[in-house]
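Notes follow the structure.
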There are 2 protein chains.
Amino acid sequence: MSQTVDRALSILPLLAEGPADLGRVADRLGVHKSTALRLLRTLHEHGLVYRQSDQRYRLGARLIALAQEAMENLDIREIAHPHLVRLNESCGHTVHLAVYEESEVLYIDKVESRYPVRMYSRIGKPVAITVAAVAKLLLADLPESERRLLADKLDYPMYTPRSTPNAAAFLRELEKVRDQGWATDLGGHEESINCVGAPIRGGDGKVVAAMSVSAPNVVVTADELLTLLPLVRRTADAISGEYSGRTPVKEVAP
Amino acid sequence: MSQTVDRALSILPLLAEGPADLGRVADRLGVHKSTALRLLRTLHEHGLVYRQSDQRYRLGARLIALAQEAMENLDIREIAHPHLVRLNESCGHTVHLAVYEESEVLYIDKVESRYPVRMYSRIGKPVAITVAAVAKLLLADLPESERRLLADKLDYPMYTPRSTPNAAAFLRELEKVRDQGWATDLGGHEESINCVGAPIRGGDGKVVAAMSVSAPNVVVTADELLTLLPLVRRTADAISGEYSGRTPVKEVAP
DNA sequence: ATGAGCATTGCAAGCATTGCAACACTCCAG
DNA sequence: CTGGAGTGTTGCAATGCTTGCAATGCTCAT
């Protein structure tokens, strides 16, 4: 809607790919160098980009601090965290919490496995949306039309032979997940990693977040992991209960 | 430098305080509601702000993903991580990695303590700059003039009786740290928590990052923690060596 | 030294941005 | 059911911000 701001913001994902110099930024934006310079300057003043010693620009530290605050504003995270820790203490595996927002699913909390073999993932990293258990849970709750629209828009990379191959299969899987109230990912993302997940619901019954337990099958088999399902669901329900007890969004005095 | 972008970006820290509605944003910016609306729309399109069900705006998920990528671009982090893990495995305490950028010091990596009593901190959170061991290390390496300027600009909150009380004391402390090549924080931030830290240097000898080991004194006394100093310094030096071996910034083919 | 390559600045022209006013909508209170 | 307050949204004309150009600095390597 605003050309200038639009251009400026387009610089951020561009720099996320790696440091770039002025000419490169100007080219990618399709504007004159002097224009790019002024946009970069403004971003710099706000700390969103940083100029390294070789004069190239990269993303700045303020961005990291802002993201931090963004996460702390998500009250579901605050409420869920102790539950996740407790679950981790009783089963020892990696526990994730994820939310859906604007066609993306992303992890907003994680408790690390206590086993030496750990899976790679990081808070903030967008989730493999077509295969992850938490993604299925979150998308399964979308209204029919939106779900269909999104499923069509997605890519279906075959991380492994067990990955969801296409939109039709994905939609079927979502139906199943919706009916049974829990989800799995059995080697659909990484050959040797399995997950079991359950949804967290707000007061109105809508899914507001999803959690999962993940473990490589060198530690436990998929069947063994599935025995944790009742515990996972109980934890998710406990979080749901506590969450819907409170007001969904904090009110600020006028 | 660019008014429009400047206004748009000013919205982000504002929303970091918590969700706000259109009127509130317009007021804080000192612009007409319609103007604020269009700026927010643009931010929304880029995923930097999100509109929650009650129509209020808050920071968006893309911000978190961007911050994630920002951190992954910091090559010092990649290099240091395995060293930090190894240090954690041999001593069991919390290990931090921090960098200085534009008058702020912030944690960019952390390995959690294996003891049940843990200190609170989060990656991305700005560090208590006047007391933290890592902050002292990073600031101690700044050129005289910049150091003095920054020291004057800072606040000196008395978290505990042992906190650095004022600019003069801080500058003295920085001199000391610079000369001895390591730093401590003995209960200056949290009464019961102590830290020992060492600097990580680039090929030109300049400090590019700092690391520290932290432990509450219910686990180890300050004196016991200090016996780890040689190990901490050796780890920091190992990271420095590996870092200056590579090119400091990755080169991209033209 | 000299030139290439990049960043930076001043300036005039043009168009994107702005504030206004009118409209649409939701939610209460009467 | 109806009116009104509060909020978000849209079309429009004027102006002032943004833009690209061209000229100037600056740094580095030949």
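Chain letters run A, B, ... following the sequence lines, proteins first, then strands; residues in each count from 1.
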Taking only the side-chain nitrogens and oxygens of A:R41, find out if one of them lies under 4.0 Å from OP1 or OP2 of C:dT9. yes
Quick one: [X] [atom1] to [N] [atom2], roughly how many Å, whole number?
X     : N      : atom1 : atom2 : result
A:L40 : C:dA7  : CG    : C1'   : 12 Å
A:L22 : C:dT9  : CG    : C1'   : 13 Å
A:R38 : C:dC11 : CZ    : C1'   : 10 Å
A:L37 : C:dG10 : CG    : P     : 12 Å
B:M1  : C:dG10 : CE    : C1'   : 12 Å
A:R24 : C:dA7  : CZ    : P     : 12 Å
A:Q3  : C:dT18 : CD    : C1'   : 15 Å

Output all residues satisfying salt bridge (Lys or Arg N to Asp or Glu O under 4.0 Å) with A:E69, sequence neighbours left out; order by chain, then residue number.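 A:E69 satisfies salt bridge (Lys or Arg N to Asp or Glu O under 4.0 Å) with no other residue.
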Enumerate the side chain to side chain donor-acceptor pair (under 3.5 Å) contacts for residues 168-179 of chain A, please, sequence neighbours excluded, ordered by first and then second residue. A:K136-A:E173, A:R147-A:E175
Spatial distance of atom CG (B:N73) from atom CD (B:E78) [nearest 0.5 Å]: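 It comes to 9.0 Å.
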Rounded distance [0.5 Å steps], CG in A:L150 versus OH in A:Y100: 5.0 Å
Check side-chain hydrogen bond (donor to acceptor under 3.5 Å, both in side chains) between [X] and all other residues, then give those that pass, not counting sequence neighbours.
X      : value
A:E104 : B:R62
A:E146 : none
B:Q180 : none

With the side chain defined as heavy atoms from C-beta on, A:D21 is closest, among C:dA7, C:dT17, C:dT8, to C:dA7
Restricting to side chain to side chain contact (heavy atoms under 4.5 Å, CB included), what partner residues turn up for B:A67, sequence neighbours left out? A:I64, A:A67
Between the main-chain N or O of B:I108 and the side-chain N or O of B:R77, is there a donor-acceptor pair closer than 3.5 Å?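 Yes, the answer is positive, given that a donor and an acceptor are paired below the 3.5 Å cut-off.
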Look at the side chain of B:N166 and the backbone N and O of B:A168, then say whether any donor-acceptor pair between them is shorter than 3.5 Å. yes
Name the first nucleotide and the last nucleotide along DNA chain D (5' to 3') that come under 4.0 Å of a heavy atom in chain B. D:dG8 to D:dT18
Classify the ring geometry of B:Y156 against B:F170: parallel below 30°, tilted from 30° to 60°, perpendicular beyond 60°.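 Rings of B:Y156 and B:F170: perpendicular, over 60°.
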Can you give me the bend angle of the helix from C:dA1-D:dT30 to C:dG30-D:dC1? Use the axis through the first five pairs and the one through the last five, nearest 10 degrees. 30°
For DNA chain C, determine which residues of residues 6-15 of chain A have any heavy atom closer than 4.0 angstrom to one of its atoms, and list them numerically.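 None - not one residue of the stretch has a heavy atom sitting under 4.0 Å from the strand.
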Sequence neighbours excluded and cut-off under 3.5 Å, please list the side-chain donor-acceptor pairs for residues 232-240 of chain B, or say none.
unit_1: B:T235; atom_1: OG1; unit_2: B:L231; atom_2: O; d: 2.9
unit_1: B:S240; atom_1: OG; unit_2: B:R201; atom_2: N; d: 2.9
unit_1: B:S240; atom_1: OG; unit_2: B:A236; atom_2: O; d: 2.9

A:D54/A:R56 salt bridge by N-O under 4.0 Å criterion: yes
Interface residues of residues 25-36 of chain A with DNA chain D (non-hydrogen, below 4.0 angstrom): A:V31, A:H32, A:S34, A:T35
Taking distance alone, no hydrogens or angles, what donor-acceptor pairs closer than 3.5 Å link side-chain atoms of residues 40-48 of chain A to residues at least two apart or in another chain?
unit_1: A:T42; atom_1: OG1; unit_2: A:R38; atom_2: O; d: 2.9
unit_1: A:T42; atom_1: OG1; unit_2: B:S2; atom_2: N; d: 3.2
unit_1: A:H46; atom_1: NE2; unit_2: B:D6; atom_2: OD1; d: 2.5

